[in-house]
Protein chains: 2
Amino acid sequence: MSSQGFELPLRLLLAFRMLIDELHAELARQGHPHMRPMHGFVMQAIGPDGTTAVELGRTLGVSKQAAGKTVEALERVGYVERAADPRDTRRKIVRLTAYGIDALNRSARIFDTLRARWADELGEERLLALESDLRKMTPASPWRLDIPGWFGTL
Amino acid sequence: MSSQGFELPLRLLLAFRMLIDELHAELARQGHPHMRPMHGFVMQAIGPDGTTAVELGRTLGVSKQAAGKTVEALERVGYVERAADPRDTRRKIVRLTAYGIDALNRSARIFDTLRARWADELGEERLLALESDLRKMTPASPWRLDIPGWFGTL
DNA sequence: ACATGATGGACAATCTGGTTGACTATATCG
DNA sequence: CGATATAGTCAACCAGATTGTCCATCATGT
């Protein structure tokens with residue numbers, strides 16, 4: 001083999017996974033045991049002003065039905081709530097609850113802590129360089145986290 | 001918000017995804033249109049000497065039945081073949097075919113090319129630093145790519 | 001004002017890939 | 001030899017996605 005290029009994607013994935021796993025371990029300790037990796041991304045996509053199932057589906061790159069099911073799941077856990085839109089009675093606005101916002105706030109703080117650990121290990125200089133390099137190599141940042149299905153599909 | 005820590009995992013994921021997508025676009029051009037992200041990982045796990053469904057399941061962190069179905073899918077595409085083990089008639093050895101090995105070899109070359117592009121953009125120094133830093137922050141080596149299921153699970 | 005078309009949401013059927021459980025055949029070990 | 005463990009397969013089920021269909025409601029153009 002002796003392919004140097006194999007390591008890069010593998011390490012990127014491992015690093016991502018490690019951060020996410022540590023995030024959720026800590027979230028569980030802080031009163032959010034039901035939070036799943038998917039939830040954070042979806043709640044970010046919902047945003048502070050709320051959204052609708054159709055719009056959410058477009059943002060996430062999945063069908064509106066799939067988005068609807070995801071919203072149902074988040075509703076069951078208590079992270080979002082649905083309300084009618086007075087200006088368009090077809091629409092049902094999906095909004096984050098206080099509990100959901102708490103999950104997001106805690107996630108942010110935990111990610112900061114994890115980043116601080118990286119800075120501690122690597123040095124702030126090196127970490128800034130790493131972030132800058134990743135920023136340089138990745139697309140500006142459109143969401144489109146259609147991870148489910150993307151990796152799978154044999 | 002102003003959470004600096006949010007960016008790191010997101011960029012790691014985007015970078016990983018970008019590399020994998022580019023890999024598969026190029027693989028499709030090179031005669032492997034059926035190759036899916038999962039396949040490369042599974043074929044790596046199978047290794048040059050072959051393995052069995054049970055063993056593969058343990059390596060990948062899934063049930064032996066799931067591993068069996070995955071092997072079936074790879075067999076349909078022509079990446080692996082199954083043969084009886086003369087020394088233990090219960091076992092069926094799963095081996096990479098020439099076509100499967102070709103896919104792995106091409107993957108390695110394409111990853112090298114992609115890495116070269118990164119080196120071109122960032123400079124070899126910076127890329128080496130990035131790889132070194134990721135190596136430092138991620139666990140030594142465990143496979144255990146039980147991605148399916150891990151991210152999902154609402 | 002109203003017919004037409006577009007949009008939001010829900011329901012149902014299906015597909016895929018995972019799970020557990022049960023079963024058979026074969027090894028291995030006391 | 002008999003008891004236990006292991007490899008593989010079959011079957012049933014579950015979760016999360018898909019498409020297709022339907023209905024209610026908005027928006028538009030004549």
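Just so we're on the same page: letters track the sequence lines, and every chain starts at 1. Both backbone and side-chain heavy atoms feed into the values below; hydrogens, waters and symmetry mates do not.
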Using whole Å, report how far [atom1] of [X] lies from [atom2] of [N].
X	N	atom1	atom2	result
I93(A)	dT7(C)	CD1	C1'	14 Å
E55(A)	dG9(C)	CD	C1'	14 Å
L56(B)	dT9(D)	CG	P	13 Å
R36(B)	dC15(C)	CZ	P	19 Å
K64(A)	dA12(C)	NZ	C1'	14 Å
E72(B)	dC10(D)	CD	P	8 Å

Would you say [X] places a side-chain N or O within less than 4.0 Å of OP1 or OP2 belonging to [N]?
X	N	value
T89(A)	dC26(D)	yes
K92(A)	dA10(C)	yes
T52(B)	dG8(D)	yes
R82(A)	dA10(C)	yes
S63(B)	dG18(C)	no
R58(A)	dG8(C)	yes

Considering non-hydrogen atoms only, spot the tightest contact between A53(B) and A67(B) and give its length.
O-CB, 3.4 Å
As a test of understanding, state which of L104(A), L96(A), T59(A) forms a side chain to side chain contact (heavy atoms under 4.5 Å, CB included) with I46(A).
L96(A)
Counting heavy atoms from C-beta on, name the nucleotide in [options] closest to the side chain of [X].
X	options	value
D88(A)	dT25(D), dA27(C), dG8(D)	dT25(D)
Q65(B)	dA10(C), dT20(C), dT18(D)	dT20(C)
V62(A)	dT18(D), dG8(C), dT19(C)	dT18(D)
K69(A)	dT18(D), dG18(C), dG8(C)	dT18(D)

Electrostatic pair R106(B)-E26(B), nearest N-O below 4.0 angstrom
no
Between K136(B) and E131(B), does any NZ, NE, NH1 or NH2 come within less than 4.0 Å of an OD or OE carboxylate oxygen?
no
Between A67(A) and R90(A), which has a closest nucleotide on DNA chain D that is more 5'?
A67(A)
Establish, yes or no, whether a centroid distance under 6.0 Å links the rings of Y79(A) and H32(A).
yes
